[in-house]
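To start, the structure under review is shown below, and the notes come after it.
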Amino acid sequence: MRVLVVDDSKTMRNIVKGVLGTIGATAVEEASDGQDALSRVDAFNPDLILLDWNMPVMDGITFVKSYRGAKKTTPIIMVTTEAEKTRVIEAIQAGVNNYAVKPFTPESLSKIIETTMAKVAAKKAA
Amino acid sequence: MAATPEISVKIAADGSQATLVAPPGLDAALLTPATLLFLVKAAGVLIDQEVERNVAAFAAAYGSGATDRRDIIARSVPAVPGEDGRVEWHKGFDPRPAHAPASAERTDHYQGQHYAPVKTGDIVGMAHGPTDGTDGRNVRGGLLKARPGKPVAIKFQPMLTIDSGGRIIAQAAGVLMLKDNALSVTQSLEVPGQVDFSTGNIDFPGSVTIAGGVGSGFKVTAGGDIHVGGLIEVAEIRCGGDLIARGGMAGNGRGTLEVERNVQIVYLEKVVGALTGDLVVERVIADCKLVVGGDLKCPNGNILGGDINVTGSLLVKAIGSESYTPTIITLGEVPLLQGARVQVSKAIEQINAALGRLAEQARLIKLNPRPSPSEKEKLTEISYEASQQNQELAKWATKLSEIEAAVRARRKLDVHVAKVIQPGVKFHIGECLVVFKTAAKGPLWICWDEQRHLMYKAGSGIARPLSEIAHVSRGHSAPPAEGLVPAVAA
């Protein structure tokens with residue numbers, strides 16, 4: 001599984017990479033903001049995008065709108081401190097597949113990733 | 001043209017040079033280079049460009065003929081002998097003995113030879129064959145044969161081959177040995193005499209056989225077994241296999257043994273050491289500090305003084321002396337695992353301390369009912385770190401369980417004393433301290449009963465509490481044994 005991790009915090013990217021290592025991700029690319037992610041995503045062609053909301057240059061929600069606007073269907077999980085209901089709804093409406101709220105444990109993030117990928121696979125099969 | 005008989009060409013007997021001689025008073029008009037060359041050629045000298053130049057110079061120099069002239073006009077070309085064959089050793093494989101000084105200022109006279117280990121397939125060097133040399137010629141053009149170079153002086157034993165490119169390839173694993181011009185791969189080293197200043201320290205990856213003894217101050221290290229024919233003095237002996245000594249070891253409190261397997265020796269006196277396997281001593285163990293990972297057998301000898309830690313059985317003729325020589329024997333533990341257990345326990349303690357600090361950090365952040373985004377990120381970091389630490393903890397806990405199971409499986413109490421346990425002898429057995437205040441006559445067998453009470457049997461009698469023949473007290477754990485502590489990795 002190829003994963004693009006987008007977060008302005010190097011520490012958070014390392015934590016997420018660590019979790020991805022335990023669930024068998026084969027390749028992980030990093031981006032530090034939405035703009036950086038847009039420049040890498042086509043070349044890297046990920047199976048999953050893990051995306052923070054609050055980032056400089058281009059935030060997560062703007063990335064989602066731009067990415068989905070280009071008709072890209074790669075699953076996106078928003079991994080963020082933003083937990084308010086309105087924010088969650090906004091993210092889902094923009095096109096994210098799932099939502100993980102910080103603080104999370106490695107186990108809970110693994111579970112969210114696995115659940116999301118299983119749903120996407122089931123949908124494709126149907 | 002008429003020959004001029006007074007002009008002569010003298011050729012050296014060995015053909016190495018030709019001299020043209022012309023007396024004074026000859027008609028210079030007749031002494032042309034052409035005439036002279038005719039004469040030189042007629043004399044049998046091979047004419048080449050140099051001879052032509054020399055003859056022309058002779059003619060010009062003769063001039064009016066006022067004086068005689070005698071010049072060498074031709075020289076032989078000497079043969080160039082061929083180069084002898086040689087071996088160019090690759091780095092790290094030169095087997096030639098070298099006692100290189102440790103530094104420019106000091107020479108370490110204890111330093112011994114370096115032995116180059118090889119694996120099958122290693123290319124240890126290049127064999128360069130001899131060259132033929134270049135033939136020469138004398139002034140008549142005759143051949144001066146060049147002496148060809150001699151082949152490589154080294155004889156290569158079957159475990160070394162040379163391919164078509166000259167590469168010398170090891171066909172077996174071991175150590176490269178050059179002895180009496182024969183190159184071989186050996187798994188064992190033989191020292192025909194003593195280990196002393198003539199040999200330096202020995203550090204050999206295979207087995208070592210020493211015909212003599214080991215001198216004071218020297219170190220013998222072997223990856224395999226060590227056999228010693230003579231006395232081992234105040235030396236350091238380290239071996240990955242067995243130590244078998246036909247003499248004893250007199251360590252004077254500084255001689256040391258570290259043996260990965262068994263030791264068989266005549267006596268040990270004032271030696272500090274540890275071995276993983278069994279210790280078999282013929283005569284006496286006197287004033288030694290030893291950790292024995294297996295059984296200690298000295299059926300015809302005594303343990304006299306010192307501090308001995310035995311994991312397995314103890315079989316000895318007598319312990320201690322009538323003059324109350326303090327002798328401490330620790331039994332019923334597995335000293336070689338004790339160190340590992342301590343290390344693992346420390347690691348677990350450190351991880352628990354780290355988890356405690358992480359928990360405290362998280363607790364402080366959570367005191368705030370509305371943590372900021374950065375605090376939430378910090379909590380995520382703490383959670384991740386704690387997860388990592390818990391995984392480490394689980395590994396160490398498993399390791400500790402394995403060690404404790406090994407200790408339970410291996411520890412035993414099985415002491416056979418054929419003759420006597422003298423007063424002044426102390427046994428540390430688990431948490432018990434057993435002190436013999438009077439002599440206990442053998443044959444004695446000391447063991448645990450099923451409830452782990454300390455018992456003894458005298459001769460073929462029934463088992464009785466050990467407290468009947470010695471003072472037994474509880475709550476005295478033996479100090480941790482020093483010695484071989486295997487590296488522990490989770």
Side-chain angles (χ1 to χ4, degrees), chain A residues 3 5-25 28 30-34 50-57 59-61 77-88 90-91 98-114, chain B residues 340-341 343-405 486-490:
Chain A
V3 184
V5 177
V6 190
D7 199 311
D8 58 328
S9 161
K10 176 104 178 120
T11 306
M12 283 310 302
R13 294 200 301 268
N14 285 341
I15 289 173
V16 171
K17 269 167 64 178
V19 172
L20 291 170
T22 65
I23 57 172
V28 178
E30 295 176 48
S32 55
D33 57 67
L50 293 169
L51 177 65
D52 188 18
W53 191 307
N54 294 311
M55 294 182 289
V57 184
D59 67 18
I61 205 71
I77 299 174
M78 194 75 106
V79 182
T80 178
T81 56
E82 300 286 345
E84 288 179 12
K85 197 173 172 184
T86 49
R87 292 286 207 158
V88 175
E90 187 187 352
N98 212 332
Y99 208 91
V101 180
K102 294 175 191 175
F104 56 79
T105 62
E107 294 75 24
S108 63
L109 181 61
S110 306
K111 207 169 159 68
I112 289 170
I113 293 170
E114 283 165 359
Chain B
R341 189 204 257 149
Q343 278 183 23
V344 171
S345 299
K346 260 195 192 139
I348 289 173
E349 221 177 275
Q350 283 167 359
I351 292 172
N352 279 329
L355 283 169
R357 288 191 293 274
L358 290 170
E360 180 60 16
Q361 284 176 33
R363 186 189 73 81
L364 290 172
I365 293 173
K366 285 175 184 170
L367 287 175
N368 179 0
R370 287 173 165 241
S372 64
S374 65
E375 283 175 329
K376 288 181 186 177
E377 291 215 346
K378 185 68 186 165
L379 282 173
T380 307
E381 286 171 34
I382 290 169
S383 171
Y384 183 72
E385 178 69 26
S387 172
Q388 299 286 96
Q389 293 284 6
N390 276 318
Q391 282 178 34
E392 269 302 290
L393 186 64
K395 285 184 202 165
W396 284 114
T398 304
K399 191 81 194 162
L400 186 63
S401 299
E402 285 168 6
I403 291 170
E404 283 174 346
V488 178

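Throughout, a chain's letter reflects where its sequence line sits, starting with A, and its residues are numbered from 1.
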Closest approach of Thr81(A) to Glu377(B) (non-hydrogen atoms, all atoms of both residues): CG2-CG, 4.1 Å
From CA spacing to verdict: salt bridge (charged side-chain N to carboxylate O under 4.0 Å, His left out), Lys111(A), Glu114(A): CA-CA 5 Å; Lys111(A) 207 169 159 68; Glu114(A) 283 165 359; over 6 Å; no
Minimal non-hydrogen separation, Ala100(A) against Ile77(A), with atom names: N-CG2, 4.3 Å
Atom group of Thr11(A) that falls short of 4.5 Å from chain B, counting heavy atoms: side chain
Side chain Ser387(B), main chain Ser383(B), donor-acceptor under 3.5 Å: no
Trp396(B) versus Val344(B), closest heavy-atom pair with distance: O-CG1, 3.5 Å
Heavy-atom proximity to chain B below 4.5 Å, by part of Thr80(A): neither
Those residues of residues 15-25 of chain A, ordered by number, that approach chain B below 4.5 Å (heavy atom to heavy atom): Ile15(A), Gly18(A), Val19(A)
Approximate separation, where rounding is to 0.5 Å, of Ile61(A) CD1 and Asp52(A) CG: 11.5 Å
Short N-O contact, Glu360(B) and Arg363(B), less than 4.0 angstrom: yes
Donor-acceptor contact present, side-chain Ser110(A) to main-chain Pro106(A), <3.5 Å: yes
Residues from residues 368-376 of chain B approaching chain A under 4.5 Å (heavy atoms): Pro373(B), Lys376(B)
Exercise: do Glu392(B) and Gln388(B) side chains pair donor with acceptor under 3.5 Å: no
Verdict with reasoning, Arg13(A) to Lys10(A), per side chain to side chain contact (heavy atoms under 4.5 Å, CB included): CA-CA 5 Å; Arg13(A) 294 200 301 268; Lys10(A) 176 104 178 120; 3.5 Å; yes
